[in-house]
K.L.:
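Once you've had a glance at the structure underneath, I'll fire off some questions.
Note: hydrogens, waters and symmetry copies are ignored here, and every other heavy atom, side chains too, is used. All ligand and atom numbering here is 1-based and tracks the order in the structure.
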Amino acid sequence: MQSEKNNRELSKAFESCREPSKAIEGHRLPSKTILGIETSCDETAAAVVRGGVEVLATVIKSSAGIHALYGGVVPEVASRCHVEALDPVIREAMSRAGVAWADIDAIAVTHGPGLASSLVVGVSAAKGLSMALGKPLIGVNHMEGHLFSVFLGRPWEVFENAFPLLGLAVSGGHTCWVEMPEPHVYKLVGQTLDDAAGEAFDKAAKLLGLGYPGGPVMEKAAKLAPPGWEAIVFPQGRISEGNRLLGGMDPALCVSFSGLKTALMYRLRERGDDDKNALAAAYQEAIVGALAERCAVGLKRGKWKGLVVGGGVSLNGRLRVALQEVCHKAGVEFYSAEPKYCGDNAAMIAGLAGAGGGVEVGLDVDVMPGLKIKG
Ligand code: KG4
Ligand code: ZN
């Protein structure tokens, strides 16, 4: 019923749409109701967020189960799943939020980074809605969304008073350290020079035959490791000065995970995988140790009030404990997102836009698969 009502309102909006989108006045004030759309990888997501942090509804439909058959995301399959799922997912979010189309102040959409063929589905839908409703279209950087996700569901004052912050964004495609002196100001200060942390988990799980996605299954296996697993030590991907991939960044804030995967591969070749759980625990510890060490260095490099961790890998319990300890030692606040906002979701996209982030774009906006965190 609700969706029929929404359908009717949407058609009315189509009829009444004569003017191009206008900027929302006072867009930076956190009182707007934003519909967010996220399709950068294999999750089709929509959410309605009011005032930047109040999540009225968040709906996520993942096609990971299909990709698991292939051992990784197949872009064309992901894109076709988005085409099928996006309309019902948006309608479900609107219905659960209990808001009418007329209550939506703007449409926010992930326009990068991500898979081009996946991004284009969400961006096209967002353009259509923006045009139909006569509401502004806001392009949001997916990684900035992950860094914002820690504020969802918290009082607005938490966001307002949290800065300056150091951020760690850890996902399947990215691992980077970002200085955030104030809201929506970012400076990339460190990153992986090759594989992302999530990718490192995914590749290891594949080598160990544990399935996809790798992070959750590796964490589960690590919990079952027998005593003595600490004797297995994997490299923590430290970078030497003068590495030409650094591009001016501090080696102490960068990491390389490709050697870690290779070390596991050689170990498996030489000694077999008689104890997958012990290997998973040691491998997880190498990633967690590497990330925590760079965070500790980053926190010493400036006067930060806190550390923010966002992205799918931030679901990892061992990583959360390690980062909590790093923050405790540094005497700063630790911010992580509620589990439902760690992986890809649209609440972080709508929330960031509602909090004044992202950029207002026109209907000619294109997807930006390689979009960088803005400096
Ligand atoms: O942010 P996300 O959902 O999608 C991207 O933007 O990439 O992150 C997905 C990544 C995958 O590589 C997955 O293996 C990893 O997050 N991940 C985890 C855990 N849950 C998901 N990594 C470690 N431990 C977990 N519990
Ligand atoms: Zn992500």
K.L.:
Is His146 near ligand 1, meaning one of its heavy atoms is under 4.0 Å from it?
P.N.:
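His146 counts as a contact of ligand 1 under the 4.0 Å cut-off.
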
K.L.:
So Ile107 and Leu133, do their side chains get closer than 4.5 Å, heavy atoms only?
P.N.:
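Result yes, sub-4.5 Å side-chain heavy-atom pair found.
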
K.L.:
Does the ring centre of Tyr212 sit less than 6.0 Å away from the ring centre of Tyr70?
P.N.:
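No: the rings miss the under 6.0 Å criterion.
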
K.L.:
I need the atoms of ligand 1 closer than 4.0 Å to a non-hydrogen atom of His142, numbered in the order shown.
P.N.:
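Those atoms are 6 (O).
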
K.L.:
Kindly confirm whether the Zn ion (ligand 2) is within less than 2.8 Å of some N/O/S atom in His146?
P.N.:
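Yes, since at least one N, O or S atom of His146 sits under 2.8 Å from the Zn ion (ligand 2).
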
K.L.:
Ligand 1 and Cys342, any nitrogen or oxygen pair closer than 3.5 angstrom?
P.N.:
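For ligand 1, there is no N or O atom that lies under 3.5 Å from one belonging to Cys342.
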
K.L.:
Considering only protein heavy atoms, which is closest to atom 9 (C) of ligand 1, and at what distance to one decimal place?
P.N.:
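Protein heavy atom with the smallest distance to atom 9 (C) of ligand 1: Gly172 N, 3.7 Å.
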
K.L.:
Between the Zn ion (ligand 2) and His174, is there an N, O or S atom separated by less than 2.8 Å?
P.N.:
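No, since none of the N, O or S atoms of His174 sits under 2.8 Å from the Zn ion (ligand 2).
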
K.L.:
Checking Arg320 against Ser336: is there a side-chain donor and acceptor pair closer than 3.5 Å?
P.N.:
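Looking only at side-chain atoms, Arg320 and Ser336 do form a donor-acceptor pair, the distance falling under 3.5 Å.
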
K.L.:
Using a strict cut-off of less than 4.0 Å between a Lys/Arg side-chain nitrogen and an Asp/Glu carboxylate oxygen, indicate whether Arg238 and Glu293 qualify as a salt bridge.
P.N.:
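Result for this pair is yes, salt bridge flagged.
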
K.L.:
Does ligand 1 have an atom that lies less than 4.0 angstrom from a heavy atom of Cys41?
P.N.:
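In this structure, Cys41 fails to qualify as a contact of ligand 1 - no heavy atom is under 4.0 Å.
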
K.L.:
Which N, O or S atom name in Asp344 marks its closest approach to the Zn ion (ligand 2)?
P.N.:
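Of all N, O or S atoms belonging to Asp344, OD1 is the one nearest the Zn ion (ligand 2).
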
K.L.:
For atom 2 (P) of ligand 1, grab the closest protein heavy atom and report residue, atom and distance to one decimal in Å.
P.N.:
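Going atom by atom, the protein heavy atom closest to atom 2 (P) of ligand 1 ends up being Asp344 OD1, 3.3 Å.
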
K.L.:
Please state which protein non-hydrogen atom is closest to atom 15 (C) of ligand 1 and give its distance, to 0.1 Å?
P.N.:
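Looking only at protein heavy atoms, the one closest to atom 15 (C) of ligand 1 is Val313 CG2, 3.9 Å.
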
K.L.:
Quick check: does Gly312 get an N/O under 3.5 Å from an N/O on ligand 1?
P.N.:
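Checking ligand 1 against Gly312, an N or O pair does fall under 3.5 Å apart.
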
K.L.:
Is there a nitrogen or oxygen of Pro213 sitting under 3.5 Å from a nitrogen or oxygen of ligand 1?
P.N.:
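It does not: no N or O of Pro213 is found under 3.5 Å from an N or O of ligand 1.
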
K.L.:
What residue and atom, counting heavy atoms only, is the protein's closest point to atom 26 (N) of ligand 1, and at what distance?
P.N.:
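Scanning the protein heavy atoms, the shortest distance from atom 26 (N) of ligand 1 goes to Glu219 OE1, 2.8 Å.
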
K.L.:
Can you see whether His82 engages Thr44 through a side-chain donor-acceptor pair at a distance of less than 3.5 angstrom?
P.N.:
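There is such a pair (donor and acceptor under 3.5 Å, judged by atom type) between the side chains of His82 and Thr44.
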
K.L.:
State, without any angle test, whether Asp103 and Thr33 hold a side-chain donor-acceptor pair at a distance under 3.5 Å.
P.N.:
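There is no such pair between these side chains.
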
K.L.:
If you define the side chain from C-beta out and look only at heavy atoms, does anything of Glu144 sit under 4.5 Å from Leu352?
P.N.:
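In short, these two side chains touch, coming nearer than 4.5 Å.
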
K.L.:
To the nearest 0.1 Å, how far is atom 18 (C) of ligand 1 from its closest protein heavy atom, and which atom is that?
P.N.:
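Here the closest protein heavy atom is Gly215 CA, 3.4 Å.
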
K.L.:
Below 4.0 angstrom from a heavy atom of Gly343, which ligand 1 atoms are there? Numbered from 1 as shown, please.
P.N.:
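Answer, ordered by atom number: 3 (O).
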
K.L.:
Would you kindly say whether Asn316 and Gln284 are connected by a side-chain donor-acceptor distance under 3.5 Å?
P.N.:
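The criterion, which ignores hydrogens and geometry beyond distance, is satisfied for Gln284 and Asn316.
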
K.L.:
What protein heavy atom is closest to atom 12 (O) of ligand 1, reported as residue, atom name and distance in Å?
P.N.:
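I find the closest protein heavy atom is Asp202 OD2, 2.8 Å.
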
